[in-house]
J.: 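First the structure, then my questions, so here it is.
All ligand and atom numbering here is 1-based and tracks the order in the structure.
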Amino acid sequence: TDPDPVAAAIADADEVVALTGAGLSTASGIPDFRSEGGLWDEFDERAFTIGRYRAQPARFWSDWLDLHGHFFDSEVAPNPAHDALARLESGGHLDALLTQNVDGLHLEAGSESVVHLHGTGTRATCPDCGTSIPVEAARDRVESGEDAPTCDCGGVYKPDTVLFGERLPGTALQESNRRAETADVFLAAGSSLTVDPASLLPDTALRNGATLVVVNLDRTRYAGRADHVAREPVEEFLPAVADRVAEL
Ligand code: OAD
């Protein structure tokens with residue numbers, strides 16, 4: 001796919017908004033969820049519900065730490081796709097970066113206007129008193145034999161990631177909807193666009209007249225309605241777009 005028309009649309013736009021998913025980070029060595037060999041092949045999605053955290057906190061935490069071991073491996077670092085989005089932002093061509101990812105790699109790559117729709121995987125919070133601890137501290141407690149990491153007040157810490165059955169953080173969702181409404185170009189990258197409500201943001205953007213760009217290896221539900229579809233690796237296509245925008 002030719003990156004030039006996408007670059008031209010971005011260069012012409014007043015407001016550009018990106019939505020990213022797990023596909024952004026596969027080149028960093030983190031499997032995505034729904035591709036073959038993805039995390040939902042290795043783990044049962046039902047282990048990560050808010051109901052299981054409440055009913056079986058020790059087992060929930062053990063599974064959560066196993067899954068997120070993929071994310072917080074010391075080898076994991078941002079890849080050229082993260083870098084490209086950070087470059088677009090610093091060049092004044094990306095106004096908001098909405099992400100479903102909890103791996104923190106956009107921030108590490110230097111992006112600033114990041115909205116974490118599904119929370120972040122680096123900390124855990126006590127739902128009873130609001131005390132927050134690094135996830136590593138929770139891991140130490142679990143590994144030293146504590147059932148589930150428990151706060152001094154008696155509450156069981158919950159990771160700061162959105163669990164199935166939980167609402168998205170209200171401010172992040174409002175900000176994302178507002179951004180989708182005002183975007184001239186909406187770029188969805190590395191997401192299967194299957195998990196609501198994040199997957200509805202491109203629809204909001206389209207209804208408000210945005211140009212929709214989808215960069216994803218697999219076909220998405222927006223294939224027929226997007227203005228530009230690139231079924232290419234994000235770590236190749238996004239840098240090509242960012243290079244071109246910088247030349248325009
Ligand atoms: P998915 O695993 O559903 O989709 C990732 C998409 O990225 C797939 O369609 C792949 O084809 C594509 N992909 C993988 N590597 C790529 C690459 N290098 N270049 C281009 N495309 C690539 O992940 P998400 O859409 O992020 O929720 O999933 C959404 C949510 O489902 C996640 O945030 C998580 C999960 O349940 C929570 O944890 C709440």
Side-chain angles (χ1 to χ4, degrees), residues 1 3 6 18-53 60 63-72 76-85 97-106 114-122 124 135 158-169 172-173 176 187-203 213-223 226 228-242:
T1 313
V6 175
L19 168 68
T20 63
L24 246 282
S25 300
T26 52
S28 297
I30 306 175
D32 67 8
F33 293 94
R34 294 178 180 78
S35 295
E36 214 172 294
L39 292 168
W40 295 150
D41 281 348
E42 187 182 344
F43 294 90
D44 184 346
E45 219 173 318
R46 290 168 301 181
F48 302 97
T49 63
I50 184 72
R52 185 153 183 269
Y53 152 79
F60 164 84
D63 288 336
W64 191 94
L65 288 169
D66 275 355
L67 186 145
H68 289 79
H70 286 290
F71 293 61
F72 303 116
V76 166
N79 68 59
H82 299 104
D83 294 338
L85 293 175
L97 176 43
L98 322 176
T99 188
Q100 300 165 85
N101 297 346
V102 302
D103 55 31
L105 292 178
H106 284 305
V114 184
V115 177
H116 286 105
L117 277 160
H118 290 170
T120 56
T122 49
V135 151
K158 194 194 85 63
D160 290 351
T161 53
V162 174
L163 305 178
F164 290 110
E166 237 189 339
R167 286 194 195 171
L168 272 57
L173 186 57
S176 298
L187 167 72
S191 175
S192 62
L193 300 172
T194 52
V195 177
D196 294 351
S199 61
L200 303 173
L201 292 166
D203 191 55
V213 182
V214 177
V215 187
N216 199 61
L217 286 178
D218 282 318
R219 186 187 156 88
T220 72
R221 69 209 249 194
Y222 291 101
H228 305 279
V229 175
R231 290 190 55 184
E232 293 191 30
V234 289
E235 65 276 17
E236 291 172 16
F237 192 76
L238 295 180
V241 168

J.: When rounded to the nearest 0.5 angstrom, what is the spacing between NE2 in H118 and CG in N101?
T.: 9.5 Å
J.: Quick one: look at T26 and ligand 1, take heavy-atom pairs under 4.0 Å, and tell me if it's side chain, backbone, both or neither.
T.: side chain
J.: Give the C-alpha distance, both sets of side-chain angles, the deciding distance and a yes or no for side chain to side chain contact (heavy atoms under 4.5 Å, CB included) between L19 and L193.
T.: CA-CA 10 Å; L19 168 68; L193 300 172; 3.8 Å; yes
J.: Evaluate G21 for polar contact with ligand 1, using N/O atom pairs at a separation under 3.5 Å.
T.: no
J.: Check if G190 has a non-hydrogen atom at a distance under 4.0 Å from any atom of ligand 1.
T.: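 Checking ligand 1 against G190, which is what was asked, there is a heavy-atom contact under 4.0 Å.
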J.: Go through V102 and D160 one step at a time and tell me if the side chain to side chain contact (heavy atoms under 4.5 Å, CB included) criterion holds.
T.: CA-CA 9 Å; V102 302; D160 290 351; over 6 Å; no
J.: Run the numbers for me: atoms of ligand 1, each under 4.0 Å from some heavy atom of P233, listed by number.
T.: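 Counting atoms of ligand 1 from 1, those under 4.0 Å from P233 are 19 (N), 20 (C).
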J.: Please write down residue, atom name and distance for the protein heavy atom closest to atom 12 (C) of ligand 1.
T.: N216 OD1, 3.1 Å
J.: Quick one: look up the protein heavy atom nearest atom 28 (O) of ligand 1 and list residue, atom name and how far away it is.
T.: R34 NH1, 3.1 Å
J.: Any atoms of ligand 1 less than 4.0 Å from a non-hydrogen atom of G23? List them with their elements.
T.: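 Going through ligand 1 atom by atom, the ones under 4.0 Å from G23 are 5 (C), 7 (O), 13 (N), 14 (C), 15 (N), 16 (C), 17 (C), 18 (N), 22 (C).
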J.: Name the closest protein heavy atom to atom 32 (C) of ligand 1, giving the residue it belongs to and the distance to 0.1 Å.
T.: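 Result for atom 32 (C) of ligand 1: F33 CE1, 3.6 Å.
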J.: Can you tell me which residue and heavy atom of the protein come closest to atom 25 (O) of ligand 1, and the distance to 0.1 Å?
T.: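 Ranking protein heavy atoms by distance from atom 25 (O) of ligand 1, first comes S191 OG, 2.7 Å.
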J.: Does any N or O in the side chain of Y222 come within less than 3.5 Å of the main-chain N or O of S199, such that one atom is a donor and the other an acceptor?
T.: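 Indeed, once roles are kept as given, a pair shorter than 3.5 Å links the two residues.
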J.: Heavy atom under 4.0 Å from ligand 1: found in W40's side chain, backbone, both, or neither?
T.: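 Contact part for W40 vs ligand 1: side chain (C-beta onward).
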J.: Could you see which bit of V195 sits under 4.0 Å from ligand 1, with heavy atoms only: side chain, backbone, both or neither?
T.: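 The part of V195 near ligand 1 is the side chain, not the backbone.
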J.: For atom 11 (O) of ligand 1, what's the nearest protein heavy atom and its distance?
T.: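 Closest protein heavy atom to atom 11 (O) of ligand 1: D218 OD2, 2.9 Å.
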J.: Go through the steps for R52 and D63 under the test salt bridge (Lys or Arg N to Asp or Glu O under 4.0 Å), then give the verdict.
T.: CA-CA 11 Å; R52 185 153 183 269; D63 288 336; 3.0 Å; yes
J.: If you have a sec, work out which protein heavy atom is nearest atom 33 (O) of ligand 1 and how many Å separate them, to one decimal?
T.: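 Of the protein heavy atoms, H118 ND1, 2.8 Å lies nearest.
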J.: In this structure, does ligand 1 have an atom that sits under 4.0 Å from one of the heavy atoms of F48?
T.: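 No, F48 has no heavy atom closer than 4.0 Å to ligand 1.
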J.: Looking only at protein heavy atoms, which one is nearest to atom 26 (O) of ligand 1, and how far off is it?
T.: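 So the nearest neighbour among protein heavy atoms is A22 N, 2.8 Å.
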J.: Is the ring centre of F60 less than 6.0 Å from the ring centre of Y53?
T.: yes
J.: Could you establish whether G38 and ligand 1 come within less than 4.0 Å of each other, counting only heavy atoms on the residue side?
T.: no
J.: Can you say whether the rings of H106 and H82 are parallel (under 30°), tilted (30 to 60°) or perpendicular (over 60°)?
T.: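 Ring orientation of H106 relative to H82: perpendicular.
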J.: Is the backbone N or O of A198 less than 3.5 Å from a side-chain atom of Q100, with the two atoms forming a donor-acceptor pair by type?
T.: no
J.: CG/N79 to OG1/T26 distance, rounded to the nearest 0.5 angstrom?
T.: 7.0 Å
J.: Give yes or no for whether the N/O distance cutoff of 3.5 Å, strictly under, is met between A27 and ligand 1.
T.: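 Between A27 and ligand 1, no N or O pair is found under 3.5 Å apart.
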J.: Distance to 0.1 Å, residue and atom name: give those for the protein heavy atom nearest to atom 8 (C) of ligand 1.
T.: D32 OD2, 3.7 Å
J.: Enumerate the atoms of ligand 1 whose separation from the nearest heavy atom of F164 is less than 4.0 angstrom.
T.: 36 (O)
J.: Of the options W40, F33, F164, which is the one that meets F48 in a ring-ring contact (aromatic ring centres under 6.0 Å, His included)?
T.: W40
J.: Begin from the C-alpha positions of L105 and I30 and carry the test side chain to side chain contact (heavy atoms under 4.5 Å, CB included) through to its verdict.
T.: CA-CA 11 Å; L105 292 178; I30 306 175; 4.1 Å; yes
J.: So, does S28 use its side chain to make a donor-acceptor pair with the main chain of A77 at under 3.5 Å?
T.: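 Checked: pair present.
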J.: Please work out, at 4.0 Å between heavy atoms, whether the side chain, the backbone, both, or neither of E235 comes within that distance of ligand 1.
T.: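 It is the side chain that gets close, since no backbone atom is under 4.0 Å.
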J.: Are V162 and ligand 1 in contact, using a heavy-atom cut-off of under 4.0 Å?
T.: yes
J.: Given E232, E166, E236, which has its nearest heavy atom closest to atom 20 (C) of ligand 1?
T.: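 It is E232 that holds the nearest heavy atom.
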J.: Does atom CZ of R221 have more than 12 heavy-atom neighbours, drawn from other residues, nucleotides or ligands, at distances under 6.0 Å?
T.: yes
